[in-house]
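Please read the structure below before turning to the comments.
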Amino acid sequence: MEDIEDVLGPAGFSDGGAPPGLRLPLSTVAVKPKRRSSRLAQTQPQPDARIPGTQTIYVKTFGCSHNQSDSEYMSGQLSAFGYAITEEPEGADLWLINTCTVKNPSQSAMTTLISKCKSANKPLVVAGCVPQGSRDLKELDGISIIGVQQIDRVVEVVEETLKGHEVRLLSRKTLPSLDLPKVRKNKFIEILPINVGCLGACTYCKTKHARGHLGSYTIDSLVDRVKIVVSEGVREIWLSSEDTGAYGRDIGMNLPNLLNAIVAELPVDRSTMLRIGMTNPPFILEHLNEIASVLRHPCVYTFLHVPVQSGSDAVLKAMNREYTVSEFRMVVDTLCELVPGMQIATDIICGFPGETDEDFAQTVSLIKEYQLPQVHISQFYPRPGTPAARMKKVPSIEVKKRSRELTSVFEAFSPYEGLKGKVERIWITEIATDGVHLVGHTKGYIQVLVIAPDSMLGTSADAKITSVGRWSVFGEVIEGSVAVKEAAPKQNCAEVQLGNRQNHVEEEATCSTNTCDSCACSGAQSAAQQCSPQQCKDPSDAPTDCGDATRQEAPQSTLVRRNVEGTVKASEIGTATPIAEDQQANVVTRRPLNIDRILWGGLAVSFATTVAVLALLTYKISYTPS
């Protein structure tokens with residue numbers, strides 16, 4: 001199967017398309033009126049006759065941080081145009097599902113949600129990796145779909161779908177702008193995609209079919225984005241990518257170039273921290289010293305996610321991972337030697353086709369040797385259309401047995417025991433799921449739970465570690481150590497930032513390792529937010545990042561009507577968290593009509609006409625000769 005880019009022109013767009021950076025007109029969208037058989041006529045969604053931009057959209061997200069960023073951008077554009085974003089599917093006029101193709105469970109969850117949407121007779125748009133990588137999937141028949149590089153046209157797709165049309169917008173073009181309107185899930189965390197796609201060809205990876213080959217944003221555009229989000233009061237910047245280490249190889253740049261440019265823009269008071277996303281071993285081997293230097297920077301978390309997938313070279317070769325176990329060791333050993341307090345996470349796939357008992361024993365030995373604090377363990381899932389799906393499988397009973405055995409080995413570690421009694425600087429950005437604790441992270445991105453008022457969100461403080469467990473670290477904030485930096489009085493970016501609005505994200509443990517880590521946790525999960533066996537139905541899946549340390553906030557009120565001047569005061573938006581009264585959220589959008597004025601004007605004209613007609617009739621009746 002060819003990737004879509006292979007059939008595009010040299011400029012990255014189809015013949016007859018628009019040049020890079022030019023927004024294609026609506027006429028180029030493939031719009032197909034839905035066929036309505038008499039048998040299904042009663043169950044098909046009816047076109048919404050209301051004015052576009054006044055409806056309510058339910059947004060559901062599956063998958064990694066890159067998907068989350070895409071959903072935030074799509075929600076931002078819809079909000080800027082006037083649509084209301086909701087967490088309640090029942091009351092929504094349309095459902096927008098952003099999908100993940102990493103493994104079977106996440107795609108099955110999508111299929112279930114599609115069935116619910118059809119049963120509820122709701123218009124539906126499916127976005128993300130599933131439609132991009134499997135456009136002919138039968139579950140997508142008759143449904144509007146939008147590709148991963150077309151998220152800047154989500155408003156058009158939603159409008160046409162509400163009219164009762166089926167829209168299929170999948171052709172690849174230029175990368176979506178980083179300055180699109182955006183609604184963050186957490187106003188203190190900016191997920192910054194630095195590139196799309198990857199250079200690998202892992203035999204089990206379905207994500208490559210969707211995200212395609214490597215495409216990097218320029219350093220200037222990324223640095224400009226960093227400046228904007230820092231001025232808005234963002235406290236954590238997550239660099240997100242299918243493979244962070246491959247950044248820039250398509251544009252003559254490399255990851256150290258980008259990291260040094262970004263670090264130069266971070267506040268010297270350490271009010272904003274940088275987190276580097278997942279990187280595969282091959283692409284950082286030649287830059288280990290430079291990356292270690294960046295990780296030692298006071299404003300950069302000393303944490304890196306480096307997937308190994310297997311401790312056997314034979315299995316890595318079958319996976320086409322393009323590195324050896326010794327090269328993985330070199331990465332870990334070098335970073336741990338050069339970076340004080342370095343924390344490394346890794347991934348393991350159990351039961352890859354052809355994995356022998358000896359291969360698995362080598363994996364167990366590797367995990368025991370390093371005792372890493374984060375090991376995301378997953379069973380192998382064959383993905384349709386991948387070479388691994390055609391390989392001879394290990395019996396499922398054996399796969400589960402190996403997964404549970406490795407999980408037991410990992411659970412025996414006590415990686416945080418040495419922290420008890422120490423004082424650590426933590427950056428507090430989230431509310432824990434228990435609704436009681438706030439979530440902070442140390443320089444090594446170890447999660448620390450503290451009891452403190454919500455006003456401490458977005459601050460940093462010293463905390464004394466009071467207790468540690470296998471899955472949690474607890475601390476007490478030291479009085480007088482809190483560092484607060486006021487946000488800039490006005491937002492300078494051309495987007496709507498609506499605070500902590502939740503886009504109903506479903507992590508689905510898709511940041512585990514059963515597919516090319518290209519869509520694995522490239523910046524999605526916190527370093528200490530693993531789920532214990534008690535939290536998972538299958539203990540073998542325990543370490544695969546099923547925890548989310550953010551409390552589901554109450555749905556926030558949304559911008560319902562378009563703004564004529566393109567600027568909406570934060571007090572009018574009604575965020576769930578306090579925002580300075582003079583803080584503004586700027587919107588770049590076309591200058592829309594003021595519907596209220598038109599309606600009132602029409603009523604005034606109608607009333608005046610009626611009065612004139614009545615006056616004329618009265619005059620004629622009064623002066624008619626008797």
Side-chain angles (χ1 to χ4, degrees), residues 4 13-14 16-18 22-37 40-41 43-61 70-71 73-86 89 92-99 110 113-114 117-118 120-128 130-132 135-137 139-174 176-177 180-181 183 558-562 589-593 595:
I4 295 174
F13 51 91
S14 303
L22 180 64
R23 182 185 174 99
L24 300 178
L26 183 59
S27 59
T28 63
V29 180
V31 178
K32 299 192 298 183
K34 293 183 179 179
R35 295 182 179 179
R36 299 173 186 260
S37 64
L40 297 177
T43 62
Q44 290 292 329
Q46 297 300 315
D48 196 323
R50 289 184 293 168
I51 299 168
T54 63
Q55 292 85 354
T56 300
I57 312 298
Y58 168 61
V59 179
K60 178 82 169 182
T61 306
D70 287 350
S71 287
Y73 274 123
M74 289 190 287
S75 296
Q77 293 171 85
L78 292 168
S79 295
F81 197 78
Y83 291 100
I85 309 299
T86 182
D93 299 299
L94 177 142
W95 290 14
L96 172 60
I97 306 174
N98 194 6
T99 60
M110 175 211 72
L113 200 58
I114 289 176
C117 185
K118 289 181 177 179
N121 197 30
K122 302 281 187 180
L124 174 64
V125 175
V126 176
V130 171
Q132 188 74 72
R135 64 176 65 189
D136 296 325
L137 201 66
E139 288 85 357
L140 300 177
D141 186 38
I143 295 173
S144 291
I145 57 179
I146 181 171
V148 295
Q149 290 187 18
Q150 298 283 359
I151 60 172
D152 57 341
R153 303 186 65 185
V154 66
V155 172
E156 301 169 44
V157 175
V158 166
E159 283 183 333
E160 291 300 322
T161 303
L162 286 169
K163 294 175 184 177
H165 298 149
E166 176 190 346
V167 184
R168 301 179 74 85
L169 193 59
L170 293 172
S171 61
R172 298 186 189 275
K173 56 182 190 64
T174 55
S177 171
L180 293 170
V183 174
T558 54
L559 181 63
V560 176
R561 67 180 62 151
R562 303 172 190 166
T589 182
R590 59 189 179 220
R591 184 183 181 92
L593 297 174
I595 304 303

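All values below were derived from every heavy atom in this structure, side-chain atoms included, with hydrogens, water molecules and symmetry-related copies excluded.
The CD1 atom of Ile143 sits 4.5 Å away from atom CD1 of Ile114, with the distance rounded to the nearest 0.5 Å. To the nearest 0.5 Å, atom CD1 of residue Ile151 and atom OG of residue Ser177 are 9.5 Å apart. Atom CD1 of Ile145 is separated from atom CD of Gln132 by 8.5 Å, given to the nearest 0.5 angstrom. With rounding to the nearest 0.5 Å, the separation of CD in Gln55 from CD in Glu159 is 8.5 Å.
The minimum heavy-atom distance between Val167 and Glu160, with the atom names listed, is CG2-CB, 3.4 Å. Nearest heavy atom pair, residue Ser144 against residue His165, reads OG-O, 3.4 Å. Minimum heavy-atom separation, Asp93 to Pro123: O-CD, 3.1 Å. In terms of heavy-atom proximity, Pro131 sits nearest to Val126 at CG-O, 3.8 Å. Between Leu180 and Gln77, the shortest heavy-atom distance links the atoms CD1-NE2, 3.9 Å. Closest non-hydrogen pair, Thr99 versus Ala127, comes out as OG1-O, 2.7 Å.
Counting heavy atoms from C-beta outward, Val158 and Met74 have side chains that stay 4.5 Å or more apart. The side-chain heavy atoms of Leu162 and Tyr83, taken from C-beta on, include a pair separated by under 4.5 Å. Looking at Ile85 and Val183, their side chains never come closer than 4.5 Å, going by heavy atoms from C-beta outward. Lys122 has its side chain out of reach of Tyr58: every pair of non-hydrogen atoms, C-beta onward, lies at least 4.5 Å apart. You'll find the side chain of Ile97 stays beyond 4.5 Å of the side chain of Val130, heavy atoms only. Considering only heavy atoms from C-beta on, Leu78 comes within 4.5 Å of Val155 through its side chain. Two residues are said to be in side-chain contact when any heavy atoms from C-beta on lie closer than 4.5 Å; Leu170 and Gln150 fail this criterion.
Lys60 places no side-chain N or O within 3.5 Å of a backbone atom of Trp95 that could act as its donor or acceptor partner. With hydrogens and angles disregarded, no donor-acceptor distance shorter than 3.5 Å links the side chain of Thr86 to the backbone of Ile57.
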